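Numbered from 1 within each chain, the chains take letters A, B, ... in sequence-line order. No hydrogens, no waters, no symmetry mates; every other heavy atom, side chains included, goes into these values. Remember, it's a predicted structure, so these values are computed and weren't measured experimentally.
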Amino acid sequence: MKELELLQNVDTAINFTDNIDKEIELTGQVSNIRILGWGAFIILRTPRYTIQTVADKNSVSLDLSTIAVESTVKVRGVVKNSNIKDISIYPRDIEISLNYIETISAPSISPLPIDTTKKELNISLETQFDLRPLSLRHPKLRSIFKISAAIFNEFGNFLTNNGFTRICSPKIVFSGAEGGANIFNIDYFNKKAFLAQSPQFYKQMMVGVFGRVFETGPVFRAEKHDTSRHLNEYISLDIETALSGGFEELVQIESAVLNSIFSKMKETCKYEIDLLNIEVPEITKIITYKFNEIKEIIFQEYKKDFRGENDLCPEEERLISKFVKEKHNSDFVFVTHYPTEKRPFYAAHDPSAPKESLSFDLLFRGLEITTGGQRLHRYEDYIAKMSKLGMNVESFESYLQCFKYGMPPHGGLGLGLERLTSLLCNLSNVKEASLFPRDVNRLEP
RNA sequence: GACCAUGUAGCGAAGACGGUUAUCGCGCCGGCCUGUCAAGCCGGAGAUCGCGGGUUCGAUCCCCGUCAUGGUCGCCA
């Protein structure tokens with residue numbers, strides 16, 4: 001038996017201002033080393049900091065030329081004020097003047113096949129992903145995932161603080177929510193099962209339990225699309241809530257969530273915002289256009305006629321975003337009332353105009369990042385709609401229980417984490433916002 | 001899946017009417033530098049030009065095939 005001490009503090013944070021001219025100890029990985037005649041500047045990557053240390057070759061016993069990039073080192077040194085220009089370093093107003101440095105772990109092979117010490121990584125996407133455990137060590141790539149984490153966290157915190165309950169629904173499911181072709185089949189103890197395309201059914205069921213729920217987790221799409229905005233596994237930020245008003249309430253909730261994410265990001269991600277040169281937006285007014293209005297605007301303003309088609313193509317998404325930016329100075333536009341036939345069976349429609357669904361997409365800087373809408377909530381409506389679409393009602397019995405025994409009017413939305421991250425960080429491909437992207441051709445790393 | 005591009009050193013690129021030793025930057029190796037700013041200066045090593053076939057006296061370059069990657073689109077978050 002061995003009893004371990006209960007830690008009062010597991011953080012690695014250091015109060016530098018209280019430790020000026022005092023000696024501290026740090027362990028970190030060498031992200032860069034600049035050797036000069038008298039010594040070296042060694043940049044250390046630690047969980048909280050990327051910090052500059054300074055080693056005079058006469059003050060430390062270790063031969064500085066033996067220190068390879070990505071070595072793990074333990075150092076002791078005195079905290080000094082400094083004024084560092086390199087914005088990949090944080091904090092920049094202090095540095096550590098070393099008395100001692102020891103290599104804890106040295107790489108077996110050095111150098112890295114890619115150069116993570118430069119301002120830009122300057123490698124192809126393929127190389128970036130093939131060497132993901134290494135490329136992610138670059139300050140700019142790390143920052144992308146700090147931004148992503150900030151979005152993820154504040155999405156959950158804001159909703160939790162506003163009466164939503166976090167749920168975790170199964171990813172191995174009995175049936176798909178969106179239809180058959182784009183769903184991954186798996187063998188589940190000799191039974192047919194699927195990987196969830198969406199937590200849709202479960203989050204609806206849980207509205208009957210908690211009233212307001214959210215989930216942040218992976219979803220899987222088996223589509224053989226291979227584009228800069230698609231992943232076969234992505235993180236879906238999902239909301240589902242009972243509605244007291246119309247489906248527009250969802251638009252307002254999402255706007256509030258996004259604004260909360262953006263303002264929190266400005267607070268906690270100053271370093272990343274600076275490093276990635278991110279322009280953090282804010283929704284100051286909620287701009288909505290009906291689907292049919294969009295088609296007319298595109299025709300009137302840009303002389304392109306897509307009015308016959310019942311979906312928006314990427315070009316239309318870009319054009320309408322441009323239009324809204326110029327006319328309303330907004331990076332965001334909600335497109336409402338999509339054709340009912342383009343929406344899944346559970347989508348509610350306008351009783352006075354059955355062809356128009358009570359749903360919306362959110363376009364951000366030219367790309368769709370959210371689909372949402374009000375759902376059907378009456379059992380009879382489900383039976384009627386599913387029968388009309390030729391669906392097998394019996395096979396959805398476990399899902400339909402909640403409606404049979406009473407559900408409030410409700411709706412929800414799904415926000416693509418990687419899409420939002422990539423647009424915020426000005427990435428050209430959504431895969432860059434996924435740690436280990438899964439696409440048609442990539443299963444590892 | 002369709003269409004269009006691209007495969008040249010560890011990484012990112014240039015190249016040529018089809019003709020000696022294939023060019024540049026980064027990294028690497030050696031040297032220099034008492035404060036660097038994702039360092040600097042000098043020198044050096046490093047490439048079966050994606051793979052297979054064809055045309056040719058001769059192919060990294062032209063042709064055919066193939067594989068891989070990227071872009072646009074279908075579809076979607």
Side-chain angles (χ1 to χ4, degrees), chain A residues 31-43 45 50 52-59 65 68-69 80 82-90 92 95 97 109-131 134-135 138-140 178-179 181-182 197-200 218-238 275 309 311-315 317-318 338 342-344 361-364 367-372 413-423 428-431 433-434 439-442:
Chain A
S31 87
N32 198 0
I33 176 164
R34 293 194 274 273
I35 295 181
L36 287 80
W38 52 268
F41 292 95
I42 303 165
I43 315 301
R45 190 172 67 241
T50 300
Q52 173 164 291
T53 68
V54 191
D56 187 312
K57 67 180 175 189
N58 298 317
S59 303
S65 68
V69 167
K80 297 284 185 189
S82 186
N83 182 17
I84 298 165
K85 294 168 200 152
D86 179 349
I87 63 166
S88 72
I89 291 172
Y90 165 82
R92 289 195 282 283
E95 64 184 16
S97 182
I109 293 184
S110 187
L112 276 64
I114 51 176
D115 189 358
T116 55
T117 69
K118 293 298 173 191
K119 192 169 186 175
E120 300 296 335
L121 202 42
N122 199 18
I123 56 176
S124 67
L125 277 185
E126 187 187 8
T127 307
Q128 182 187 146
F129 297 140
D130 283 346
L131 303 175
L134 309 180
S135 62
H138 187 273
K140 287 199 173 183
E178 314 286 340
N182 58 358
Q197 298 159 304
S198 149
Q200 184 61 34
V219 295
F220 306 89
R221 301 284 166 98
E223 290 155 4
K224 289 186 177 174
H225 40 44
D226 192 5
T227 78
S228 58
R229 59 186 191 286
H230 285 103
L231 290 161
N232 291 295
E233 174 178 349
Y234 68 91
I235 302 297
S236 183
L237 306 178
D238 269 276
L275 185 59
E309 293 161 38
D311 204 351
L312 294 184
C313 69
E315 186 183 1
E317 293 181 352
R318 286 190 292 269
Y338 271 75
K342 281 300 289 183
R343 293 306 206 196
D361 278 5
L362 171 59
L363 307 185
F364 173 47
L367 185 65
E368 175 186 337
I369 60 168
T370 284
T371 294
L413 58 90
L415 172 65
L417 174 63
E418 293 85 349
R419 282 195 178 181
L420 178 55
T421 304
S422 71
L423 290 164
S428 57
N429 195 314
V430 73
K431 292 169 195 170
S434 175
D439 66 30
V440 180
N441 303 308
R442 184 173 291 278

A.B. asks: Could you pull out all residues at least two apart from A:His230 that satisfy ring pair (Phe, Tyr, Trp, His ring centres under 6.0 Å)?
C.D. replies: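 For A:His230, the residues satisfying ring pair (Phe, Tyr, Trp, His ring centres under 6.0 Å) (neighbours in sequence not counted) are A:His225.
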A.B. asks: For atom P, what is the distance between B:A38 and B:C28, given to the nearest Å?
C.D. replies: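 Taking atom P in both B:A38 and B:C28, they lie 16 Å apart.
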A.B. asks: Mind calculating the distance between CD (A:Glu418) and P (B:A77) to the nearest angstrom?
C.D. replies: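 Taking atom P of B:A77 as the reference, CD of A:Glu418 is at 13 Å.
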A.B. asks: Taking atom P in both B:U8 and B:G12, what distance in whole Å separates the two?
C.D. replies: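 Looking at atom P only, B:U8 and B:G12 are 8 Å apart.
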A.B. asks: Distance check needed: B:A77 C1' versus A:Leu237 CG, whole Å only.
C.D. replies: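 That distance rounds to 10 Å.
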A.B. asks: Between B:C73 and A:Arg318, is there an OP1 or OP2 to side-chain N/O distance shorter than 4.0 Å?
C.D. replies: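 Indeed, a polar side-chain atom of A:Arg318 lies that close.
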A.B. asks: Give the rounded distance in Å between these two atoms: CD1 of A:Ile114 and C1' of B:G27.
C.D. replies: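 It is 11 Å, rounded to the nearest whole Å.
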A.B. asks: Between A:Leu134 (CG) and B:G27 (P), how many Å, whole number?
C.D. replies: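 Those two atoms, CG and P, are 18 Å apart.
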A.B. asks: Just jot down the side chain to side chain donor-acceptor pair (under 3.5 Å) partners of A:Glu418, sequence neighbours excluded, or say none.
C.D. replies: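 Checked A:Glu418 against side chain to side chain donor-acceptor pair (under 3.5 Å); zero matches.
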A.B. asks: Given the C1' atoms of B:C62 and B:C26, what is the spacing between them in whole Å?
C.D. replies: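 About 33 Å, rounded to a whole number of Å.
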A.B. asks: Taking side chain to side chain donor-acceptor pair (under 3.5 Å) as the test, write out the residues that go with A:Asn232, two or more places apart.
C.D. replies: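 Listed in chain order: nothing, the list is empty.
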A.B. asks: My understanding is that only residues two or more places apart in sequence, or in another chain, count here; which of them pass side chain to side chain donor-acceptor pair (under 3.5 Å) with A:Ser422?
C.D. replies: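 With sequence neighbours excluded, A:Ser422 shows a side chain to side chain donor-acceptor pair (under 3.5 Å) to no residue whatsoever.
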A.B. asks: Determine the Euclidean distance between corresponding P atoms of B:C33 and B:C17; express it in Å to zero decimal places.
C.D. replies: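 B:C17 and B:C33 have their P atoms separated by 47 Å.
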A.B. asks: If each of A:Lys57 and A:Ile123 is mapped to the nucleotide of RNA chain B with the nearest heavy atom, which maps nearer the 5' terminus, i.e. the 5' end?
C.D. replies: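 Of the two residues, A:Ile123 wins.
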A.B. asks: How far, in whole Å, is B:A14 from B:C76 if one measures between their C1' atoms?
C.D. replies: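 So the two C1' atoms sit 39 Å from each other.
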A.B. asks: Whole Å only: how far is the CG atom of A:Leu131 from the C1' atom of B:G27?
C.D. replies: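 Those two atoms, CG and C1', are 14 Å apart.
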A.B. asks: Looking only at atom C1', what distance separates B:A13 and B:A59, rounded to whole Å?
C.D. replies: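 B:A13 and B:A59 have their C1' atoms separated by 23 Å.
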A.B. asks: Please determine, for the side chain of A:Pro113, which listed nucleotide (B:G10, B:G35, B:C76) has the closest atom?
C.D. replies: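 That would be B:G10.
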A.B. asks: Could you pull out all residues at least two apart from A:Arg442 that satisfy salt bridge (Lys or Arg N to Asp or Glu O under 4.0 Å)?
C.D. replies: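 Partners of A:Arg442 by the salt bridge (Lys or Arg N to Asp or Glu O under 4.0 Å) criterion, ordered by chain and then number, come out as A:Asp130.
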A.B. asks: State the dot-bracket string of RNA chain B. Criteria: Watson-Crick or G-U wobble, both atom distances under 3.5 angstrom; notation: ( ) intrastrand, [ ] crossing earlier pairs, | interstrand, . unpaired.
C.D. replies: (((((((..((((.....[...)))).(((((.......))))).....(((((..]....))))))))))))....
A.B. asks: I need the CZ-C1' distance between A:Arg221 and B:G74, as an integer number of Å.
C.D. replies: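 It is 16 Å, rounded to the nearest whole Å.
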A.B. asks: On RNA chain B, does the nearest nucleotide to A:Pro314 precede the nearest nucleotide to A:Ser236 from the 5' side, or the other way round? Give the residue.
C.D. replies: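 Closest to the 5' end, via its nearest nucleotide, is A:Pro314.
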A.B. asks: Rounded to the nearest angstrom, tell me the gap between atom CG in A:Leu112 and atom C1' in B:C11.
C.D. replies: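 Those two atoms, CG and C1', are 11 Å apart.
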A.B. asks: Among residues at least two apart in sequence or on other chains, which ones pass side chain to side chain donor-acceptor pair (under 3.5 Å) with A:Asn429?
C.D. replies: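 A:Asn429 satisfies side chain to side chain donor-acceptor pair (under 3.5 Å) with no other residue.
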A.B. asks: Can you name the atoms? Protein N/O to nucleotides 36-39 of chain B N/O, anything below 3.5 Å, with the distance.
C.D. replies:
| residue | atom | partner | partner atom | Å |
| --- | --- | --- | --- | --- |
| B:U36 | O2 | A:Arg34 | NE | 3.0 |
| B:U36 | O2 | A:Arg34 | NH2 | 3.2 |
| B:U36 | N3 | A:Gln52 | OE1 | 3.2 |
| B:U36 | N3 | A:Gln52 | NE2 | 3.4 |
| B:U36 | O4 | A:Gln52 | NE2 | 2.7 |
| B:C37 | O2 | A:Lys85 | N | 3.0 |
| B:C37 | O2 | A:Asp86 | N | 3.1 |
| B:A38 | O4' | A:Asp86 | OD2 | 3.0 |
| B:A38 | O3' | A:Thr117 | O | 3.2 |
| B:A38 | O2' | A:Lys119 | N | 2.5 |
| B:A38 | N7 | A:Asp86 | OD1 | 3.3 |
| B:A38 | N3 | A:Lys118 | O | 3.3 |
| B:A39 | OP1 | A:Lys118 | NZ | 2.7 |
| B:A39 | OP2 | A:Lys118 | NZ | 2.5 |
| B:A39 | N6 | A:Ile35 | O | 2.8 |

A.B. asks: Could you give the CD1-to-P distance, from A:Ile33 to B:C28, as a whole number of Å?
C.D. replies: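 Computing the A:Ile33:CD1 to B:C28:P distance gives 11 Å.
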A.B. asks: Check ring pair (Phe, Tyr, Trp, His ring centres under 6.0 Å) between A:Phe364 and all other residues, then give those that pass, not counting sequence neighbours.
C.D. replies: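 Here the qualifying residues are A:Phe332.
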A.B. asks: With sequence neighbours excluded, tell me which residues meet ring pair (Phe, Tyr, Trp, His ring centres under 6.0 Å) with A:Phe41.
C.D. replies: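 A:Phe41: ring pair (Phe, Tyr, Trp, His ring centres under 6.0 Å) contacts with A:Trp38.
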A.B. asks: Checking A:Asn83 now: which residues fulfil side chain to side chain contact (heavy atoms under 4.5 Å, CB included) with it, not counting sequence neighbours?
C.D. replies: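 If we apply the side chain to side chain contact (heavy atoms under 4.5 Å, CB included) test to A:Asn83, skipping adjacent residues, there are no hits.
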A.B. asks: Determine, for nucleotides 66-71 of chain B in 5'-to-3' order, which nucleotides have protein heavy atoms under 4.0 Å from the base (write B), from only the sugar-phosphate (write S), or from neither (write -).
C.D. replies: --SS-S
